[in-house]
Structures are given as structure tokens and as C-alpha cells.
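Worksheet: one structure, shown below.
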Amino acid sequence: YRCEMEKKTLKNRRLRQIIHSLGFSCIGGAIFLQILVFMDILRKGYFMAVENNIFILTVEVILTFFGLIYFFYIYRWFLKSL
């Protein structure tokens with residue numbers, strides 16, 4: 001019975017690790033993209049982006065919502081820890 005509990009705990013830990021890695025990657029990617037956008041605005045005075053591939057656009061929207069939900073989750077966890 002104990003071995004099964006340890007396996008379950010290990011799976012939960014691994015899943016949390018994957019979710020946190022993906023979440024921090026989304027947040028880091030968003031920060032990097034904002035830096036590129038602001039650099040373009042400073043150079044040209046405007047920024048324009050067009051994505052024609054619907055699959056890429058869908059993945060970007062899904063990752064954006066995941067990053068937003070993850071950000072609020074981490075923010076809430078941080079406020080509870082204070």
C-alpha cells in the first residue's frame with residue numbers, strides 16, 4: 001500500500017512540475033514578446049503583426065489563456081503566503 005502511495009505522490013509532483021514549467025514558460029515568453037514589441041514601437045513608432053496560419057493562432061490563444069490563468073493562480077498563492 002505504501003509503495004502505491006509513493007508512486008501516486010511522485011506522479012502528482014511530476015504533474016505539478018510540468019504545469020509550473022509550462023506556466024513559467026508562458027509568462028517568460030510573454031515578457032520577451034513585450035520587449036520585442038516595445039523595441040519595434042520605439043524604432044518605428046508602431047507595431048503590426050498578422051498570423052495567417054489558423055493552427056498557430058489557435059495554439060497562441062490557448063497558451064495565452066493558460067498563461068493568464070497560471071499567473072492569477074501564482075498571484076493568489078503568493079498573496080495567501082503573506
Original post:
By side-chain hydrogen bond (donor to acceptor under 3.5 Å, both in side chains), which residues pair with Q17, not counting sequence neighbours?
Top reply: R14

Original post:
Are V59 and V61 linked, directly or through other ILVMFWY residues, by side chains that come within less than 4.5 angstrom of each other?
Top reply: no

Original post:
F66 and F55: same hydrophobic cluster, using ILVMFWY side-chain contacts below 4.5 Å?
Top reply: yes

**OP:** Using the test side chain to side chain contact (heavy atoms under 4.5 Å, CB included), find all partners of L68 that sit at least two apart in sequence or belong to another chain.
**Re:** F72

Original post:
Who pairs with L15 by side chain to side chain contact (heavy atoms under 4.5 Å, CB included), at least two apart in sequence or on another chain?
Top reply: I19

Subject >> Shared-cluster residues of F38, by chain and number - hydrophobic side chains joined below 4.5 Å >> reply: L33, V37, I41, F47

Original post:
Which residues pass the side chain to side chain contact (heavy atoms under 4.5 Å, CB included) test with L42, sequence neighbours left out?
Top reply: none

Original post:
Among pairs that include at least one residue of residues 23-34, which meet salt bridge (Lys or Arg N to Asp or Glu O under 4.0 Å), considering only residues two or more places apart or in two chains?
Top reply: none

Can I get a per-line list of side-chain donor-acceptor pairs under 3.5 Å for residues 75-82, giving both atom names and the distance, sequence neighbours left out?
from, atom 1, to, atom 2, distance (Å)
S81, OG, F78, O, 2.7

**OP:** Working to the nearest 0.5 Å, report the span between CD1 of I69 and SG of C26.
**Re:** 10.5 Å

**OP:** Enumerate the residue pairs fulfilling side-chain hydrogen bond (donor to acceptor under 3.5 Å, both in side chains) with a member in residues 48-60, sequence neighbours excluded, ordered by first and then second residue.
**Re:** none

**OP:** Can you establish whether the number of heavy atoms outside F71 located under 6.0 Å from its atom CZ is more than 12?
**Re:** no

**OP:** Could you identify which residues cluster with I62, counting Ile, Leu, Val, Met, Phe, Trp and Tyr as linked when any side-chain heavy atoms lie under 4.5 Å apart, either directly or through a chain of such contacts?
**Re:** none

**OP:** Write down the atom of S25, the atom of S21, and the distance for their closest heavy-atom approach.
**Re:** OG-O, 2.8 Å

Original post:
side-chain hydrogen bond (donor to acceptor under 3.5 Å, both in side chains): which pairs involve residues 28-47, sequence neighbours left out?
Top reply: none

Original post:
Same cluster for I31 and M39 if Ile/Leu/Val/Met/Phe/Trp/Tyr side chains link at under 4.5 Å?
Top reply: yes

Original post:
Do any pairs count as a side-chain hydrogen bond (donor to acceptor under 3.5 Å, both in side chains) and have a residue in residues 63-74, sequence neighbours left out, and if so which ones?
Top reply: H20-Y70

